[in-house]
Structures are given as C-alpha cells and as structure tokens.
2 protein chains.
Amino acid sequence: MGADDSNNEQDSEEQLLVRVAWHYFMEGLTQSEIASALGTNRPRVNRLIGEARRSGLVTITLNSHLTACVELEGILCRRFGLDRAIIVPTPTKKEALAEILGGAGAELLTQLLNLRTPQRIGVGWGQTVREMVRKMPPFRHPGLSVSSVMGGLTRGIEINTFDIASDLARRIGAECSYFAAPIYASSAESRDAIMNQNVFQEASANAAASDVVFLSVGDMTDRSLMVRNGVPRDLPISELIEQGACGDIMGQFIDRQGKPVDHPLNARTLALPLADLKGVKNVVLMSGGLNKAEVIAAALVGKHANTLICDEETARKALELADEVTAQAG
Amino acid sequence: MGADDSNNEQDSEEQLLVRVAWHYFMEGLTQSEIASALGTNRPRVNRLIGEARRSGLVTITLNSHLTACVELEGILCRRFGLDRAIIVPTPTKKEALAEILGGAGAELLTQLLNLRTPQRIGVGWGQTVREMVRKMPPFRHPGLSVSSVMGGLTRGIEINTFDIASDLARRIGAECSYFAAPIYASSAESRDAIMNQNVFQEASANAAASDVVFLSVGDMTDRSLMVRNGVPRDLPISELIEQGACGDIMGQFIDRQGKPVDHPLNARTLALPLADLKGVKNVVLMSGGLNKAEVIAAALVGKHANTLICDEETARKALELADEVTAQAG
DNA sequence: AAATATCAATTACATATGTAATCAAAACGT
DNA sequence: ACGTTTTGATTACATATGTAATTGATATTT
C-alpha cells in the first residue's frame with residue numbers, strides 16, 4: 001500500500017507536469033490561465049514549465065538542415081573567441097561556395113552599414129571578397145571610405161585588389177584608397193623604401209584605421225591564386241612550406257599557430273602588417289573549402305579575426321585541426 | 001541566375017528563421033538579445049518565432065504516456081460542454097481503476113475545499129465514490145456539510161450510501177444528512193408518501209442545495225452493484241433494457257440520450273431527482289471501465305455532469321458512442 | 001518625375017513572465 | 001506540547017513579450 005501511495009503521488013505529480021506542459025506548449029495558454037484552471041498559483045506553474053523542459057518531458061526540435069550550422073556557429077565563437085560566426089551549409093556544387101560566402105559577407109556588411117558604425121572599410125583580396133563586392137546592393141551613405149589592405153598582383157588579371165576596392169567604393173559611394181604597388185617588393189629593403197613614401201604611408205594608415213576589414217586566406221596548393229599568381233615565380237613554394245607555412249593572410253604566410261613564418265618573402269610584402277591588423281576592431285575572415293581548413297584554423301588560432309564566414313564542412317575540419325595544433329602546443 | 005538569386009533569398013530567410021529559433025528555443029536568449037545579435041528589431045524576432053512554430057520548423061513534443069490523456073480532456077470538455085475533465089491512463093490491472101479514479105476525485109475535492117467555495121457536498125454511491133472518500137486527507141474546515149443524494153441499499157452490505165456520506169463527513173469535520181430509506185420504494189405512491197415526510201423533504205432539499213455532487217453511474221450488466229443489489233429481485237433487468245435503459249444515475253435509469261426511461265421503477269426512486277441535479281452547479285461524474293462507456297456517454301449527452309473523472313480507454317469509447325447517438329438523433 | 005501604394009522598421013504600451021522575498025503551514029525532533 | 005526546520009503559497013517587482021499604431025523608406029504607377 002505504501003509503495004502504491006508513493007506511486008500515485010509521483011503519478012499525480014507527473015500528471016500535473018504534463019497538464020501544465022500541454023496547456024502551455026500545445027494550447028498556448030498563459031501561465032495564469034493554467035494556474036487557475038489547475039487550481040494552483042502562477043509561480044508554481046512557472047517552475048513546472050521550467051522543470052518540464054529541463055527534465056526532457058518537453059522536447060523541442062528544430063527541423064532544418066541549417067540547424068547544425070547555427071549550432072556550429074556557437075561552438076566556433078566559444079572556441080576561438082569570435083564575436084560572430086556565419087556558417088552556411090556546404091554546397092554540393094563546390095564552385096558555388098565563393099558566391100554563397102560572398103553573399104553572406106555582403107549581408108553582413110549591409111547590416112553593419114545600416115548601423116552607421118563603420119565609416120572606414122578595409123578589403124583584402126580573393127574570389128570570396130570579389131563575390132561579396134559583386135553582391136553589395138548599391139546605396140550610398142555619406143562619409144564612407146574604402147581602402148585596400150594590400151598591394152596588387154602583377155600577373156594574372158582575374159581578380160585585382162584595386163578593382164575590388166574601387167568597385168566596392170563605387171557601389172556604396174565611398175572614398176577609395178589603395179596600395180598602388182605590387183604585393184611583393186623585390187627585397188625587404190625595397191619594400192621599406194616603398195613604404196616610406198608618403199602615398200604608401202597614407203594607404204597603410206588608412207588600412208590600419210579601418211573600422212572593419214573583410215579578407216580571405218589562401219592555402220599552399222595550386223588552387224590558391226596567391227600561390228599561382230602572387231608569389232614571385234623564382235621562389236619555390238616548397239621553401240615557404242619548409243618554414244611551416246600553411247597559407248597566407250594578405251600575402252603574409254603564417255604557420256599553424258597563425259604566426260608569420262620566418263621567410264624573407266614576408267618582409268617583402270606590401271600590405272597591412274598582421275600586427276596592425278590586430279588593432280582593427282572587426283576583422284571578417286571569409287573563406288571556405290576543405291583545402292583552406294588548415295589556414296583558416298591557423299588564422300583563428302592566431303586570433304587574426306573576430307568574425308568568420310565559412311561553410312559547415314570546412315569549419316568543422318578547421319575546428320578539428322585547431323584542436324590538434326593546440327594539443328601539440330599546450 | 002535569377003533562380004539562384006531567389007534561392008539565396010529564401011535560404012537566407014530560412015537561415016534567419018533557424019538562427020532565431022535556435023537562439024530562442026535552444027540557447028534561451030531573450031528576443032532582444034537575438035534581435036541585436038542578428039541585427040534586427042525585436043518585433044521581427046517575435047514574429048519569426050511565431051512563424052517558426054507555425055511553419056513546423058520548431059517541433060515541440062511532450063514525452064509522456066499522460067500526454068494523450070490531457071489532450072483527450074480538452075476534447076471531452078469541448079464535446080460535452082464540460083467545465084473540467086480528468087482523464088487517467090487506463091491501468092493494466094482493471095481492479096485498480098476505482099482506486100485511481102477515487103484518488104483523482106479526492107484530489108479534486110481537496111482542491112475545491114481549499115478554495116473554500118463549496119460548503120455543501122453531495123455524494124452518490126459506488127465503489128469509485130467509496131474510494132474517493134477513503135483517499136480524502138483528514139482535515140477540517142468549519143461550516144461544511146455532506147449529504148447523501150440517494151437512499152440506501154437493503155441487500156448487499158459491501159458499500160452503503162450512509163457509510164460513504166458519514167465517512168466523508170467525519171474526515172472533513174462536516175455535518176451529515178442522508179436519505180434514511182431504501183433506494184426503491186415498493187411503489188410510486190409509497191415513494192411520494194415517504195418523500196412527503198419532513199425528514200425526507202429536508203434530506204432532499206439538502207442534496208439539491210449542494211454546491212458540488214460526486215457521483216458514479218452504473219451499467220446494466222451483472223458487474224453493476226445497483227443491478228445486483230439495488231433493483232428489486234422481482235423486477236427483471238430485461239424490462240428496463242427494453243425501455244432503452246443503458247444504466248443508472250443515482251438509481252434512476254436513463255436511455256442513450258441521458259433521459260430517464262419510461263419505467264415504473266424510476267418513479268419509485270428515493271433519490272435526488274435528475275431534474276434537481278441539473279440545478280447543482282458542479283456535478284462530478286466519476287466512473288470508468290469499458291462496461292460503463294455507454295452509460296457515461298448517455299450521462300454526458302444528457303448533460304447531467306459538468307465534470308468527468310474517467311480512464312482514457314473508456315472516455316474514448318464514450319466519445320465514440322456519443323457520436324453514434326447524436327448522429328442518429330440529429 | 002510626382003504621387004500613391006506597399007512594405008518593413010520603429011515606437012509605444014498593456015500584458016505575461018521569471019525570480020526573489022515574505023509569509024503561513026506542516027512536519028519533525030526535542 | 002513546544003519550538004525548530006522545512007516546505008510550499010503568496011506577494012511583489014523588474015524584465016520580457018505580444019501587438020497595435022506610427023513612421024519612414026522603397027517600389028509602382030500615372
């Protein structure tokens with residue numbers, strides 16, 4: 001009898017829980033309505049609703065392939081101390097990825113511009129950034145400026161840093177400034193000489209003063225435009241790889257910790273230095289594709305960005321690689 | 001390209017929806033937090049949450065065998081115009097049903113008593129009512145009264161209407177009054193003569209003045225205590241069945257519409273008349289078991305109760321039977 | 001190009017919600 | 001039987017929510 005009684009007690013407790021949950025989640029009654037219908041007080045109903053959710057009596061499921069992305073965004077933010085992550089489902093057609101990521105970037109920039117906060121926008125280089133600019137809806141806010149954060153390429157005309165910056169500037173009615181020079185000088189000394197010129201001082205200052213910078217990273221394979229058309233022909237990529245390079249940010253090659261590798265090429269780069277990039281409040285890293293997972297991981301571990309725009313598959317891989325790196329280092 | 005663009009539009013719309021839903025339902029952020037995190041306004045987030053629920057993006061499920069009961073309660077209330085329905089899962093051990101329903105009744109009565117509203121409580125007869133009384137926690141509120149709403153049985157001592165009423169009265173410290181007579185008089189004339197006596201006038205008035213009445217119904221099978229021990233031995237049950245009786249409320253036999261059947265026995269009943277029962281604000285019908293489904297349906301169709309305490313299986317069957325009855329009648 | 005229509009963002013407000021503090025009752029031990 | 005501890009109900013209040021009205025921006029039509 002005693003056991004029976006306690007069972008009844010529990011049963012009626014669960015009954016109450018189910019009743020409350022039903023009325024609240026299924027019928028949409030207010031907590032007060034439920035309380036008076038069930039002959040209790042509202043605070044209790046409130047507690048019971050919480051209990052119902054915590055105990056798993058109530059299960060809430062999101063029914064979309066996008067759910068996993070949103071969850072991943074949270075994980076990435078926590079793992080890399082990001083302020084924001086935008087993860088899109090990896091498309092079946094890989095060639096559509098740049099366009100998708102670019103669209104996401106354009107949306108973000110539009111959002112930021114509507115808040116009127118960023119006045120100076122820095123742009124890097126790459127297919128994804130190019131696509132972002134293409135997708136920017138044309139509108140004008142007064143007082144905006146766009147600056148390229150890196151020098152241009154001398155070979156291969158597919159995408160040019162000057163074009164990207166000036167196109168964006170035209171679309172949003174902004175002032176525009178570039179590094180009017182090739183990305184790599186012939187030597188470290190040459191670089192310093194160029195940078196000491198007034199126009200470059202100014203370009204560099206403009207870039208460093210950006211409120212937000214949108215940039216991509218490049219990997220070390222032949223798929224990278226930087227590897228194919230940026231790095232001087234007489235410099236074998238293997239040299240960089242031997243120094244631990246796993247990719248570049250603004251033409252500056254970094255290792256798996258995100259630190260610039262010890263190679264002369266880095267000293268020849270005409271671009272916003274990585275150290276100065278850290279002074280920029282918002283750095284949006286927009287890159288995707290499994291081949292870039294390692295550089296993305298490196299850039300994030302090195303805390304070169306506070307915002308990531310990426311595809312799901314690559315982001316997961318990057319998380320994995322980053323864990324390996326920190327496990328070795330730590 | 002056009003198709004691609006529109007896909008992107010939809011995609012980003014769904015992305016927003018999923019993002020909002022995720023933050024709200026999974027991470028428990030407030031709508032304002034979500035709005036600012038996603039760069040929109042709160043009203044939009046609010047709308048999106050509604051959309052997410054309506055569109056089926058968010059699925060909320062209650063994970064309990066009791067869920068079906070609570071849903072059924074709502075259906076029963078709407079179908080029969082009940083103020084309240086308490087449906088418990090049908091137990092595997094049928095013999096436990098009366099105890100379970102009794103417990104539910106006791107809980108309800110306790111609840112009502114705590115509200116201090118009902119001062120006069122009427123009780124019928126039956127195993128379920130007996131169990132309810134047994135389960136009542138002993139406590140006292142001043143000014144309560146209990147009255148039996150029907151006469152007693154002369155054969156079979158298992159459960160007595162007097163005992164039920166007086167036991168309940170004792171437990172809650174109430175005054176008590178009965179119909180101190182057998183449930184059936186020898187004739188209609190005899191019944192009228194008895195009822196004209198002062199004590200019975202008083203008992204009847206007490207019963208009719210109840211704030212709440214707890215009663216059960218009986219079916220026409222041998223399982224019914226009323227059939228076995230209440231109906232005079234010289235009266236074949238078949239006579240009542242021929243008149244369309246499908247069971248009794250307080251010894252008064254009703255047809256499938258819930259109307260008293262045209263049989264002399266009904267005129268011999270010493271109990272609160274069904275017409276007077278309709279004057280009682282709260283009539284709690286507590287009965288269960290598949291054999292009683294038909295009477296329960298009849299009683300509900302006849303609107304003799306505003307509260308039902310029943311088991312799931314029986315309640316479903318009663319719903320079904322009631323639909324048949326009203327389909328024929330309408 | 002001007003005027004209108006349409007849509008979404010902002011504001012505003014009444015209501016609902018979550019939570020802490022107070023209060024009453026019951027259970028427990030002394 | 002009295003006081004203590006624990007439990008749950010009530011109150012109170014700051015915050016969050018749902019919704020309607022207003023405003024402003026964009027698109028459409030004449």
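Scope of the values below: all heavy atoms of this structure, side chains included, with no hydrogens, waters or symmetry mates. Below, read A as the first sequence line, B as the second, and so on, with proteins coming before strands; counting in each chain starts at 1.
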With sequence neighbours excluded, residues passing salt bridge (Lys or Arg N to Asp or Glu O under 4.0 Å) with B:Arg53: none
Sequence neighbours left out, what passes salt bridge (Lys or Arg N to Asp or Glu O under 4.0 Å) with A:Arg47? Give chain and number order. none
Check for a donor-acceptor pair, side chain of A:Asp311 on one end and backbone N or O of A:Gly288 on the other, with a separation under 3.5 Å. no
Can you check the A:Gln111 CD to C:dA9 P distance for me, whole Å? 11 Å
Measure from CZ on A:Arg44 to C1' on D:dT11 and round the result to the nearest Å. 17 Å
Is any side-chain heavy atom of B:Trp125 closer than 4.5 Å to one of B:Leu215? no
Quick one: do the B:Asp211 and B:Gln119 side chains pair a donor with an acceptor below 3.5 Å? no
Salt bridge (charged side-chain N to carboxylate O under 4.0 Å, His left out) partners of residues 67-79 of chain B, not counting sequence neighbours, each pair once: A:Arg19-B:Glu73, B:Arg79-B:Asp323
Given the rule in the side-chain contact (heavy atoms from CB on, under 4.5 Å) test, do B:Leu17 and B:Leu57 qualify, once you have shown the distances and angles that lead to the verdict? CA-CA 8 Å; B:Leu17 210 59; B:Leu57 172 75; 4.0 Å; yes
Would you tabulate the side-chain donor-acceptor contacts of residues 35-45 of chain A under 3.5 Å, counting partners in other chains and residues two or more places apart, or write 'none'?
from	atom 1	to	atom 2	distance (Å)
A:Ser36	OG	A:Ser32	O	3.4
A:Ser36	OG	A:Glu33	O	3.1
A:Asn41	OD1	A:Arg44	N	2.9

Given protein heavy atoms under 4.0 Å, the one-letter contact record of nucleotides 15-28 of chain C, with B base, S sugar-phosphate only and - none, is simply --BBB---------
Nucleotides 23-28 of chain D: which of its N/O atoms have a protein N/O under 3.5 Å away?
none

